[in-house]
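Encoded as structure tokens, the structure appears first; notes follow it.
The analysis underlying the following values was restricted to heavy atoms, covering all of them including side chains, and did not include hydrogens, waters or symmetry mates.
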Amino acid sequence: MTTVEQHKTHIRRYFEEIVSKGNLEAIPDFVAPHIVFRGPYMPEPIQGIAGFKELIAMLHAAFSDLQITEEDMVVEGDTVATRWTASGTHRGEFMGTGPSGKPFRFTGTAFYRIADGKIVEAWSVNNSLEIVRELGSTPTTAGDTAAKRRAQLRTAAEAYFAALAKKDFAAIPYDDHVSLRAPVCPGGAHTPLVGKEALRTVWWPPVVSALGEVQVLDHYINEEMTAICTEALITTVNPPVTLRVADRFTVSAEGKIIEQENHFDPRDVTNPGWQKGSRAKRQRKKP
């Protein structure tokens, strides 16, 4: 087994045994004694096995049926980057909220540095704080909540495309820890670019220099109302082509874009005129 596969297997077993099952006794098998863990719901990083055990115990006291599902995993050297989905039921107190008995589901990303077969550092980025606020919020009618949420999703998506048209990065409602997957990012669509500042300095300059007109076509909202997919036509100035794009935005309870996936056929940019050539080939094949 290669080192890459070893690292992936280690994190997958860690998700199952420690995060999902809450097996405190197995923690020393997966994390180093000097583990440093950073998360969105802690003012200071947790250091050491004892503090890490307290964290896992607290999570499972609040969310006894907590489950982590791996969505994607990339290994670079000694670091493993993961994208995951957490789900469960709020059955105990967490950060002064609850128990509410409400189900929850949210996505996040995490980075793990591995040394000598154990996790020595971990960074978790997710919107769990927004979820906690929702769990403790005053109930409203289902219809009102759904309508507000749909409007919030559309507002976030439309603000993004309006910002593209204006070439105004500051107008995009990105969360500070946003994660972007796009063909034009360094490493391609399989390697997420994380952080609002990284998007502003790395992804935005080459994109905005090539932008022409922007036209939104339609929106599609998923059943859970966690994300919206927007179709649009975007023209580029060099080369001069029109791209039909689809951007999927995961939006927090506060209306911030926390994840974005951009999709389009890159042949329009890398091989202008490919469609005309394809039609010519098809015509030559006709009897």
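Residues Glu259 and Thr107 meet the side-chain proximity criterion, which asks for heavy atoms closer than 4.5 Å. Put simply, the side chain of Val208 does not reach to within 4.5 Å of the side chain of Phe169, judged on heavy atoms. With contacts defined as side-chain heavy-atom distances shorter than 4.5 Å, the pair Leu199/Leu193 qualifies. Residues Ile119 and His10 are in side-chain contact: their nearest non-hydrogen atoms beyond the backbone lie under 4.5 Å apart. Between Ile56 and Leu24, the closest side-chain pair of non-hydrogen atoms falls below 4.5 Å. Side-chain contact between Val237 and Leu211: absent, with no pair of heavy atoms (C-beta onward) separated by less than 4.5 Å.
Although no hydrogens or angles enter the test, the distance criterion places no donor-acceptor pair under 3.5 Å between the side chain of Arg91 and the main chain of Ala62. Side-chain atoms of Ser20 come within 3.5 Å of backbone atoms of Ile68 as a donor-acceptor pair (strictly under, hydrogens ignored). Checking side-chain atoms of Asn222 against main-chain N and O of Ala227 turns up a donor-acceptor pair under 3.5 Å. Between the Ser209 side chain and the Pro206 main chain, a donor and an acceptor come within less than 3.5 Å of each other. A donor-acceptor pair is defined here as one N or O able to donate and one able to accept, closer than 3.5 Å; such a pair exists between the side chain of His60 and the backbone of Val19. A donor-acceptor distance shorter than 3.5 angstrom exists from the side chain of Asp65 to the backbone of Thr89, with no hydrogens or angles considered.
Between the NZ atom of Lys118 and the CZ atom of Arg113 there is a distance of 15.0 Å, given to the nearest 0.5 Å. The line from SG of Cys229 to CG of Leu153 is 12.0 Å long, rounded to the nearest 0.5 Å. Atoms CD1 and NE2, on Ile114 and His7 in that order, are 5.0 Å from each other to the nearest 0.5 Å. The line from OG1 of Thr250 to CD1 of Ile258 is 5.5 Å long, rounded to the nearest 0.5 Å. Atom CH2 of Trp123 is separated from atom CZ of Phe111 by 9.0 Å, given to the nearest 0.5 angstrom. To the nearest 0.5 Å, atoms CZ (Phe161) and CD1 (Ile234) are separated by 5.5 Å.
Between Arg13 and Glu16 there is no salt bridge, since no side-chain N of the basic residue sits under 4.0 Å from a carboxylate O of the acidic one. Between Glu121 and Arg38 there is a salt bridge, with a side-chain nitrogen of the basic residue lying less than 4.0 Å from a carboxylate oxygen of the acidic one. The pair Arg105-Glu224 does not count as a salt bridge, with every side-chain nitrogen at least 4.0 angstrom from each carboxylate oxygen. We find that Glu261 and Arg83 are joined by a salt bridge, their nearest charged nitrogen and carboxylate oxygen being less than 4.0 Å apart.
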Inset, instruction - Give the C-alpha distance, both sets of side-chain angles, the deciding distance and a yes or no for side-chain contact (heavy atoms from CB on, under 4.5 Å) between Ile46 and Val36. - result: CA-CA 6 Å; Ile46 289 175; Val36 177; over 6 Å; no

Legend entry - Evaluation steps, ring-ring contact (aromatic ring centres under 6.0 Å, His included), between Phe104 and His90: CA-CA 7 Å; Phe104 67 88; His90 186 203; 7.7 Å; no

Inset, instruction - Applying side chain to side chain donor-acceptor pair (under 3.5 Å), run through Thr242 and Arg244 and close with a yes or a no. - result: CA-CA 7 Å; Thr242 298; Arg244 191 181 186 95; over 6 Å; no

Inset, instruction - Step by step, work out the side-chain contact (heavy atoms from CB on, under 4.5 Å) result for Val31 and Ile49. - result: CA-CA 8 Å; Val31 306; Ile49 288 283; 3.3 Å; yes

Inset, instruction - Decide side-chain contact (heavy atoms from CB on, under 4.5 Å) for Ser124 and Phe37; before the verdict, give the C-alpha distance in whole Å, the side-chain angles of both, and the deciding distance to 0.1 Å. - result: CA-CA 8 Å; Ser124 179; Phe37 183 91; 4.1 Å; yes

Inset, instruction - Please assess Ile228 against Arg248 for the test side-chain contact (heavy atoms from CB on, under 4.5 Å), listing each intermediate value before the final yes or no. - result: CA-CA 6 Å; Ile228 181 170; Arg248 184 182 188 275; over 6 Å; no

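Taken together through direct or relayed side-chain contacts under 4.5 Å among Ile, Leu, Val, Met, Phe, Trp and Tyr, Leu217 and Val241 form parts of separate hydrophobic clusters. Placement of Leu180 and Val74 in two distinct hydrophobic clusters is found when ILVMFWY residues are connected by side-chain heavy-atom separations under 4.5 Å, directly or transitively. Hydrophobic clustering of Ile, Leu, Val, Met, Phe, Trp and Tyr side chains at less than 4.5 Å, counting indirect connections, unites Trp204 with Val202. Linking ILVMFWY residues whenever their side-chain heavy atoms come closer than 4.5 Å, directly or via other members, leaves Ile172 and Val194 in distinct clusters. Leu55 and Ile11 fall within the same hydrophobic cluster, defined by Ile, Leu, Val, Met, Phe, Trp and Tyr side-chain heavy atoms under 4.5 Å apart, directly or through other members.
Scanning both residues, Ala171 and Ala163, for their nearest heavy atoms gives CB-CB, 3.9 Å. Residue Asp72 comes nearest to His190 through the heavy atom pair OD2-O, 4.2 Å, listed as atom of the first residue, atom of the second, then distance. Contact between Ile257 and Ala156 at its shortest, heavy atoms only, is CD1-O, 4.0 Å.
Thr230 and Asp247 are not linked by any side-chain donor-acceptor pair at a separation below 3.5 angstrom, with hydrogens and angles left out of the test. No hydrogens or angles considered: a donor-acceptor pair under 3.5 Å links the side chains of Thr85 and Glu71. In the model, Ser179 has no side-chain atom that pairs as donor or acceptor with a side-chain atom of Arg181 under 3.5 Å.
Of the listed residues (Arg150, Glu158, Glu231), just one forms a side-chain hydrogen bond (donor to acceptor under 3.5 Å, both in side chains) with His219, and that residue is Glu158. Just one residue in the list Gln260, Lys256, Lys196 forms a side-chain hydrogen bond (donor to acceptor under 3.5 Å, both in side chains) with Tyr174, and that residue is Gln260.
Heavy-atom contacts from other residues, nucleotides or ligands closer than 6.0 Å to NZ of Lys167 number more than 12. The local environment of CD in Glu213 is sparse, with at most 12 non-hydrogen atoms from other residues, nucleotides or ligands closer than 6.0 Å.
Between Tyr112 and Phe15, the ring-plane angle classifies as perpendicular under the 30° and 60° cut-offs. Ring-plane geometry between Tyr14 and Phe30 is classed as tilted, the angle between the planes lying from 30 to 60 degrees on a 0 to 90 degree scale.
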